[in-house]
Every structure is written in structure tokens, then in C-alpha cells.
Amino acid sequence: MPDLRRQIFESGKTMSRKAASREGSRRPSRAASAQSSKQSSRNASRHPSDEEDEGNLSDDTAYSLGSLDDLADIPDADTNSNWPEELEDVVEDILDRKRSSVLAREEAYAAFCRLAKSHYIEDRIRTRVIDLVGAFAKSIKFESSVRETNLALRALSLLAITAFDDTIYENVEPLLTRTIRDSTSPVIKAAAIHCLGVCTSFGGAGEDSILDQMTFFLDIVASDGQSIEAADDAATVTAALQEWGYLATEIEDLEAESEEAVQIFMDQLNSNDPARQIAAGENIALLYEKSYTPQEDDDDNDDEDEEVESDEESFMGAGDRDEPKLIKRYNAYHNTHELEQQLQSLATVHNKRISKRDKKSLHSNFASILTTVENPRRGPMYNKAIDQDSNRHYGSKVRVKIGKEGVMSIDRWWKWIRLNSLRRVLQGGFAVQYFEGNRAVLDSLPLMVRAPPSASDRTSARKSAKPRNNPRWAVHDQSDED
């Protein structure tokens, strides 16, 4: 195995760091400013600020099995009927850079982010994509303020996931890579990593470019951020882990990369940051999952595989028995036993220095990750158990319910990682983007099925005559043992 850490440390790059600032509140449009204070007050209550969004979902937060309950707390969708006019004003303000100030650009970018999350705006910005990319790129290049640059990176990410334009990646990749390496702000570095991941996924990058970016992100992780002068910065390393994971879901065969990547991610399991540990663990589970693929007609049926698969059918439940069997293609890592011991210690960690919330998150996440490493046919789930009489496995798989419209089955790690990545970009607007037909979102995740009303839903409906139609997330567990 090549000494990746030594190669990175010999790059010779040095730079300073400065304090980071937070994002601010959204910018009201000229049309909104002309309205009465009563109207403005009502709109403010409907549209959460970027600071409020940041509290619910910041770019440096790892959403994982242990934090699924957080997904139920989603801001209300933007229901302002005048949003197309506001968007037009905002776009004009963004493109009119000559007469704008730093503060005006910050407000314009914040407003664009809010509108792009709350509505599927592809048909309204189709002819302005290149111009908007250029405007965002200027703010990223000059870094007039941390807030402006960070908002420009977020706006560019939303544009990439909305515009369905395959020229974005080639236009912004050099700039984003330079920003990650040379920015003096760790906040901007982390935001630029997320932005580069999104632009690579949705901006027209080919498989070779995806693999190149995966190598770049892996270098950041292997060096604990030192390769980009962000030594041991948790948010930066976590961002690289998360974006590596999403890009990895798009590569069919990772046999050549698996051994080295698992070793690097195992090193990250020793971090003191739970988000960083969980992101590394999820990538490990994904690599083990990818070492198994559906059985093909020319595959030999081996007795051992048949026995394991039979046990797996009892675990997965009757509803999954028509799915193709999964066959091991290669070893994801040479020492799975060592890895299992490390995962087991995290699944049962009782360090008093860890908060109760983080401890709960580590326990639930790493119990699930360990389950997949032990048997890569098993995807994410909340719990598992063994019937002592029959030695049969059973458990509950993760179901994500979006509003009252449907349920998405998250039975594989690639689905879970993609869901988290889209959720980081779209935040509270994910459900709107899904139901309004955002092609990038629909192409990334499986279709939902309609969710039957539960008994509690029917009881609530009888108690309240006022309908609840705000998009909300909830977790729906479907037991495999009825």
C-alpha cells in the first residue's frame, strides 16, 4: 500500500487561517420591501432565515441513523405566491455586480438560496445559468467576506442541483479546487468541498473526473486536513468524508480503491468528533456493501452462499425474497475481524466525556454499520435480533416518510448516503423539490410508494378539522416479523 500520508505531507504548501463568520439572514426582494410591515412580518414567519436553516442543518453536520428523528423538524415551505417576481428581482440584483456592495450581494445570495430550496426554479433560470455561475464564481474567487463567499458556494450548489447543466463542473472545478487549497478560512474550505462534491455529481463530470475528486477528498481525509492547510479541522475533514461517500455511490466497481480507503476511514474512527466518526463509518459500510453485487446467470451456486442467503432471506423479510441474491465479488478489506472489533467498541462506547446525545448517535449508527460489515447483504436498519430457538435473524429496516404522500425504503447504504447529501443541499426544501419533479433528485433516489394512513393519523384527523399539509419528515419502521 502506498504511503499516502507521506506523499501528502511532502507537498510543501503552507498558508494561514483566520476566524470564520456565520451566515446571516435572507435578503428580502425589492417587491417585498415595498410591502407593508404587516405583510413583511407574515413573510418573515413563513421563510426561515439562513441562520435558522443553519441551526437545523449546517453543512458540517453528519445526518445519520442516530439523528433520523431530527429530520422531522423541517421548516415550512415557502408559500409566497409572488416568489417568481421575487426570484426575477434577485437574479437581476446578482447579475448587476457593478452597482452592488458586499452586503447587497450577501442579501441577494441568501434570498436566492431560500427561493432555490423552496421552489423548483429550473425553468425560470434556464437561460441565466452561465451568467449566474459567473457571478457566484467572482464572489468565491475574491472572498470579499466569509459570509458572501459561503453564500455564493451554497448558491452555486443549489444551481448545480437545479439547472441540470452539464457544463457547470468544467467551469467551476479549477476555482473550487483552488479555494479548497488556498482559502484562509476553514469555513470556506468546508463549504467549497461540499460545493465541489455537488458540482461533480450534478454538473456534468464523467467517471474519470469523479474518481479524481474522490482521490482529492481521500487525500484530505488521510492527512487529517493538512494537505489543504486545515490541520485536524473537524468540519473540513467531515465534509471530505461525506462528499467522498456520495461520489462513491456513483462508481460501480471500487475493488481497486477499497483496501486503502477502508484503512484511511478506520483511522478516522479514532477521532473525537462524532460526525466525523459516523461519516467514516458510513463510507466503510458502503464499501462492504459494494463488494457484493446481484447474482448473474453465469455465477456458480456455492453451498455456503446458499446457506447464508437463506438465512438472509429470513432476516430481510418475505417482501424482499423476490430480489436477486447478492454474491461476494472481492474482499473489501484484508482484516475484517480487526475492523469489527473497532466498530463494536464504538457501538457500545460509554466514555463519560461524550454527551448523551452523541453517545446515543454513536451506538445506533455503529450497531448498523457493524451489521453490514458482518454481512454486507444487510443494509441500514435500526435494530437486529436473533431468535435463539431457530437462530434466525430479523430486524426493522429504515423507512422515511415524506409528508403524507409517500414512503421511501432506505434499505441500502448508497440510498442513505445520497439521501443525506441531498438533504444537506436542499435542507427543508427536499420534499418540495421531490414532488415538483427536480430531475437531479428523482434520478438520485428510488421512487416512493404511497403511504397508507396509520391509526394515529386517522385519530388525529378526527380530532382536528384543520388539515395539516406542511411537508414533514418522519421515520416509519416496518417490522419484518408480522
Side-chain angles (χ1 to χ4, degrees), residues 1-5 7-8 10-11 13 129-130 133 137 140 153 156-157 159-182 189 191-223 227-228 236-237 239-265 279-280 282-284 286-293 329-330 332-333 412-415 417-418 421-422 424-425 439-441 443-445:
M1 184 187 304
D3 190 349
L4 184 58
R5 289 177 181 271
Q7 295 175 16
I8 293 167
E10 291 175 352
S11 62
K13 296 183 179 292
V129 172
I130 299 301
V133 169
I140 296 168
L153 288 163
L156 180 56
S157 297
L159 184 66
I161 207 170
T162 300
F164 218 73
D165 187 308
D166 60 6
T167 67
I168 291 178
Y169 174 78
E170 63 186 31
N171 287 326
V172 303
E173 184 274 328
L175 171 63
L176 294 176
T177 300
R178 186 165 62 251
T179 300
I180 293 168
R181 293 189 183 279
D182 298 343
K189 286 179 182 290
I193 289 171
H194 281 301
C195 186
L196 178 56
V198 173
C199 290
T200 303
S201 300
F202 304 105
E207 183 168 316
D208 288 344
S209 295
I210 291 175
L211 288 169
D212 287 343
Q213 298 308 327
M214 288 175 63
T215 300
F216 179 41
F217 294 149
L218 196 63
D219 289 350
I220 296 172
V221 175
S223 67
S227 64
I228 58 169
T236 301
V237 177
L241 285 163
Q242 291 169 340
E243 296 307 327
W244 188 96
Y246 187 95
L247 295 180
T249 67
E250 301 189 5
I251 303 299
E252 182 176 351
D253 185 358
L254 287 174
E255 181 177 3
E257 292 80 9
S258 187
E259 175 74 21
E260 181 182 15
V262 170
Q263 180 62 66
I264 291 171
F265 298 147
E282 289 178 347
N283 287 349
I284 290 172
L286 175 68
L287 287 166
Y288 270 80
E289 178 178 275
K290 279 186 166 290
S291 68
Y292 281 62
T293 63
R329 304 300 180 183
Y330 57 87
Y333 184 62
R412 306 299 293 167
W413 282 102
W414 69 264
K415 297 179 186 179
I417 289 172
R418 288 188 181 185
S421 181
L422 291 169
R424 273 193 302 274
V425 180
R439 288 179 287 177
V441 176
D443 288 349
S444 298
L445 290 170

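The distance from atom CG of Asp166 to atom CG of Asn171, rounded to the nearest 0.5 Å, is 10.5 Å. Between Phe216 atom CZ and Ser209 atom OG the span is 13.5 Å, to the nearest 0.5 Å. With rounding to the nearest 0.5 Å, the separation of CD in Glu207 from CG in Asp253 is 9.0 Å. One distance of note links CG of Asp219 with CD1 of Ile264; it measures 7.5 Å at 0.5 Å rounding. Atom CG of residue Asn283 and atom CD of residue Glu243 lie 10.5 Å apart, to the nearest 0.5 angstrom. Taken to the nearest 0.5 Å, the NZ atom of Lys189 stands 5.0 Å off from the CD1 atom of Ile228.
With 3.5 Å as the limit, one finds no donor-acceptor pair spanning the side chains of Arg418 and Ser444.
In this structure, Leu159 and Val133 approach most closely via the heavy-atom pair CD2-CG2, 3.5 Å. The shortest non-hydrogen separation linking Ala240 to Val221 is CB-CG2, 3.8 Å. When all heavy atoms of Ala191 and Leu153 are compared, the pair lying nearest together is CB-CD1, 3.7 Å. The two residues Ile210 and Glu250 have their closest heavy-atom pair at CD1-OE1, 3.3 Å. The two residues Arg181 and Ser227 come nearest to each other via the heavy atoms NH1-O, 4.0 Å. Heavy atoms only, all atoms of each residue included: Ala261 and Trp244 are closest at CB-CZ2, 4.0 Å.
Contact annotation: the side chain of Asp212 never approaches that of Thr200 to less than 4.5 Å [non-hydrogen atoms, C-beta and beyond]. Between Leu254 and Met214, some side-chain heavy-atom pair lies under the 4.5 Å cut-off. Residues Ile284 and Tyr333 have side chains not in contact (no heavy-atom distance under 4.5 Å, counting atoms from C-beta outward). Contact check for Glu255 versus Arg329: no side-chain heavy atoms found under the 4.5 Å cut-off. Contact check for Gln242 versus Ile193: no side-chain heavy atoms found under the 4.5 Å cut-off.
With Leu422 as the partner, the side-chain contact (heavy atoms from CB on, under 4.5 Å) test is satisfied by one option alone out of Val198, Ile161, Ile417: Ile161.
Thr177 contributes no side-chain N or O that, together with a main-chain N or O of Pro174, makes up a donor-acceptor pair within less than 3.5 Å. Under the 3.5 Å distance criterion, the side-chain polar atoms of Lys290 are matched with a main-chain donor or acceptor of Ile251.
Qualifying salt bridge (Lys or Arg N to Asp or Glu O under 4.0 Å) partners for Arg178, counting only residues two or more places apart in sequence or in other chains: none. Take Tyr246 and apply the ring pair (Phe, Tyr, Trp, His ring centres under 6.0 Å) test, not counting sequence neighbours, and it matches Phe202. In terms of the salt bridge (Lys or Arg N to Asp or Glu O under 4.0 Å) criterion, Glu173 has no residue partners (sequence neighbours excluded).
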Would you please test Val129 and Ile168 for side-chain contact (heavy atoms from CB on, under 4.5 Å) and show each step? CA-CA 9 Å; Val129 172; Ile168 291 178; 4.3 Å; yes
